[in-house]
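Following: one structure in structure tokens, then a few remarks.
Below, all heavy atoms of this structure are taken into account, side chains as well, without hydrogens, waters or symmetry copies.
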Amino acid sequence: MSIDHDGIEPLYLQLASLLRRQIRSGELLAGRAIPSEQRLMQMHELGRDTVRAGIAVLKKEGWLVTQRGRGTFVKPAEQWPDEDAAPSGENR
């Protein structure tokens with residue numbers, strides 16, 4: 001899936017959904033860093049504030065943790081939110 005720049009869903013929520021799916025599928029591995037803000041900006045043609053907002057959603061939900069000076073990492077699988085919990089800002 002890619003970001004729909006013309007869609008009605010806010011871009012930061014689209015990014016959060018995309019990263020969440022990549023975590024669940026194993027494309028982004030537990031304990032490993034996600035791509036840098038700069039890389040996410042380039043990959044998805046997004047601004048820095050949008051990328052930061054998308055990452056903030058996943059940090060609030062419990063998928064990610066940021067280590068100052070090192071990057072943002074996927075939390076260990078045992079710390080992930082319940083699959084049944086509705087993601088922030090998304091309708092199911």
Audit row: Val51, His44, side-chain contact (heavy atoms from CB on, under 4.5 Å) steps and yes/no: CA-CA 9 Å; Val51 169; His44 303 292; over 6 Å; no
Criterion side-chain contact (heavy atoms from CB on, under 4.5 Å) on Val74 and Leu29, from CA distance to verdict: CA-CA 7 Å; Val74 178; Leu29 298 173; over 6 Å; no
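Smallest separation of non-hydrogen atoms from Ala30 and Pro76: CB-CA, 4.0 Å. For the pair Pro81 and Glu61, the tightest heavy-atom approach, listed with the atom from each and the gap, is CG-O, 3.1 Å. Shortest non-hydrogen contact noted between Glu45 and His5 is O-CE1, 3.0 Å. Across all non-hydrogen atoms, the minimal contact from Lys75 to Leu64 is CE-O, 3.7 Å. Residue Trp80 comes nearest to Arg24 through the heavy atom pair CZ3-CA, 4.5 Å, listed as atom of the first residue, atom of the second, then distance.
Using a 4.5 Å heavy-atom cutoff, the side chains of Leu58 and Thr72 are not in contact.
With sequence neighbours excluded, the residues satisfying side chain to side chain contact (heavy atoms under 4.5 Å, CB included) with Thr50 are Leu11, Tyr12, Leu46. Scanning for side chain to side chain contact (heavy atoms under 4.5 Å, CB included) contacts around Arg70 gives Gln67, Phe73, with sequence neighbours left out. For the side chain to side chain contact (heavy atoms under 4.5 Å, CB included) test, residues two or more places apart in sequence or in another chain that qualify with Arg39 are Pro35, Ser36, Gln42, Met43.
Distance NZ/Lys59 to CZ/Arg52: 10.0 Å, rounded to 0.5 Å. Atoms CG and CD, on Asp49 and Glu37 in that order, are 9.5 Å from each other to the nearest 0.5 Å. To the nearest 0.5 Å, atom CZ of residue Arg20 and atom CG of residue Leu13 are 8.5 Å apart.
Distance alone, capped at 3.5 Å, is enough to place a donor-acceptor pair between the Gln14 side chain and the Glu9 backbone.
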